[in-house]
Amino acid sequence: MNTIDAGTAADIALLIVLIGAVVLLLLSTRSRRHRISQRVRQATMRRAADSAGDEPGLANMGQRVARRVTRLGEIVPLFDAFQREALARQLVSAGFRDRRAVAGMVGVKIVVGALLALVAIVLSAHVPRVGNYFAARVVIMAAAFIVGMILPEYVLSFLIGRRQRSISACLPDALDLLVICTNAGNSLVVSIKRVARELTSICPPLADEFAVTADELQIGADSATALRNMAARTGLPSVRGLVSTLIQSQQYGTPITQSLRMLSRAERAAQVFTLEEKAAKLAPKMVLPMMLFVLPTVGLISAGPAFLRLLTVFK
């Protein structure tokens with residue numbers, strides 16, 4: 001096994017010193033009261049974890065690692081209040097509503113950045129014409145750390161997009177169920193709770209959003225505010241249309257069943273238009289794969305025997 005040379009060890013030490021200096025600099029800007037409250041909260045969490053008596057296991061180890069990463073995100077104030085609020089909205093859109101989700105995301109960004117920086121340090125020493133220069137290795141380490149900080153945001157965007165597609169695909173069925181429930185004489189809160197229960201196994205993201213909205217309506221919150229919160233969490237135009245329809249029906253006294261039925265038809269028509277658009281784009285997208293894979297094969301099959309016969313004739 002190859003041992004780490006002195007240059008790589010120096011790079012690792014530099015990385016540790018830089019991370020420590022950044023952490024100390026950020027911690028020094030925080031107020032004393034916030035640091036004291038943070039330590040009290042950490043001590044309370046530590047006592048609660050010790051009193052729970054977690055048994056050793058893979059799940060418990062994962063929970064402990066998640067708690068440590070979240071604690072790292074709470075200690076290091078990497079973003080300001082505005083950036084953390086925007087990150088919290090993205091996490092809510094992805095389905096993460098825990099109060100410590102932002103701290104966990106910040107901790108994940110730091111850990112991924114540090115791991116990629118460590119990998120870059122180890123690998124850059126073996127790159128020819130680059131590993132011999134200390135400054136080049138430092139630049140590679142910094143670039144890897146930045147990439148590691150950005151990478152979790154792309155993963156979060158992918159999760160948000162997948163959740164939004166799932167909600168958009170199941171929304172017409174949910175509207176039909178709402179129409180059935182309102183026709184049966186149920187109120188809006190009861191209808192939303194029943195639809196959420198029915199969609200639990202079919203579309204968990206939409207069922208979760210309906211369940212949260214029903215809970216907000218049941219505890220006495222303003223119906224318009226609760227519905228707008230659902231639209232803000234999902235971030236879909238179709239859900240915003242549903243929310244606007246329900247709010248207008250409550251304000252002007254129009255029948256909710258008729259509005260929901262019309263909205264369901266519009267959503268199904270929009271889905272049909274989307275499928276037709278994808279089908280129309282399929283032919284131009286198939287041109288390049290056919291030219292690269294199908295056309296050479298057809299030419300080889302059609303011209304291959306003639307070419308072989310010409311070789312036989314002319315030897």
Side-chain angles (χ1 to χ4, degrees), residues 26 30 34-35 37-55 57-115 148-167 192-193 196-197 199-201 203-219 221 225-236 239:
L26 292 173
R30 307 174 74 187
H34 187 74
R35 290 199 303 267
S37 63
Q38 183 70 30
R39 291 172 183 173
V40 171
R41 184 164 59 250
Q42 291 177 5
T44 305
M45 292 173 55
R46 191 179 299 111
R47 286 195 299 267
D50 294 338
S51 62
D54 295 335
E55 297 179 357
L58 186 60
N60 294 328
M61 184 177 65
Q63 293 177 1
R64 288 195 294 270
V65 171
R67 285 197 296 267
R68 291 180 183 275
V69 172
T70 304
R71 192 175 303 168
L72 177 63
E74 291 178 349
I75 294 175
V76 181
L78 191 60
F79 302 105
D80 55 7
F82 180 77
Q83 293 175 341
R84 285 180 176 260
E85 184 179 356
L87 185 60
R89 289 195 297 266
Q90 292 181 352
L91 289 169
V92 169
S93 299
F96 302 101
R97 298 191 184 90
D98 191 84
R99 61 183 181 84
R100 304 179 65 191
V102 177
M105 185 63 182
V106 174
V108 168
K109 291 167 69 70
I110 295 174
V111 170
V112 174
L115 289 177
M149 293 284 290
I150 298 174
L151 188 60
E153 296 182 0
Y154 286 98
V155 176
L156 182 61
S157 301
F158 171 76
L159 295 177
I160 293 173
R162 186 178 65 178
R163 193 169 187 268
Q164 289 179 346
R165 288 191 296 270
S166 177
I167 292 175
I192 292 177
K193 290 184 68 175
R197 187 166 60 251
L199 292 177
T200 302
S201 59
C203 184
L206 186 56
D208 186 31
E209 293 295 337
F210 276 173
V212 173
T213 305
D215 292 338
E216 291 180 357
L217 291 172
Q218 194 171 9
I219 62 177
T225 303
L227 293 173
R228 289 193 182 98
N229 290 337
M230 182 178 68
R233 288 193 303 267
T234 56
L236 288 173
V239 178

#### Entry: Any M230 side-chain heavy atom under 4.5 Å of F210 side chain
yes
#### Entry: Residue pairs, two or more places apart or on separate chains, that pass salt bridge (Lys or Arg N to Asp or Glu O under 4.0 Å) and touch residues 102-113
K109-E153
### Contact summary for L156 and A94, nearest pair of heavy atoms
CD1-CB, 3.6 Å
### Summary
So OG1 of T234 and CG of N229: to nearest 0.5 Å the spacing works out to 10.5 Å
### Task
Please tell me if the side chains of T213 and R233 come closer than 4.5 Å, counting only heavy atoms from C-beta onward.
yes
### Query
Below 4.5 Å, heavy atoms only, C-beta onward: do R163 and D208 meet side chain to side chain?
yes
### Message
Taking the side chain as everything from C-beta on, heavy atoms only, tell me whether L217 gets closer than 4.5 Å to K193.
### Response
no
### Query
With side chains defined as the heavy atoms from C-beta onward, is the minimum distance between L87 and V106 less than 4.5 Å?
yes
#### Entry: Heavy-atom donor-acceptor pair, S166 side chain to R162 backbone, under 3.5 Å
no
### Separation of L199 CG from E209 CD (nearest 0.5 Å)
12.0 Å
#### Entry: Nearest-0.5 Å distance that lies between atom CG in L151 and atom CG in L115
11.5 Å
### Query
Side-chain contact, heavy-atom cut-off 4.5 Å: Q90 with M105?
no
### Query
When rounded to the nearest 0.5 angstrom, what distance separates CG in L91 from CZ in R100?
14.0 Å
### Summary
Those residues at least two apart in sequence (or on a different chain) that pass side chain to side chain contact (heavy atoms under 4.5 Å, CB included) with I150 are I146, Y154
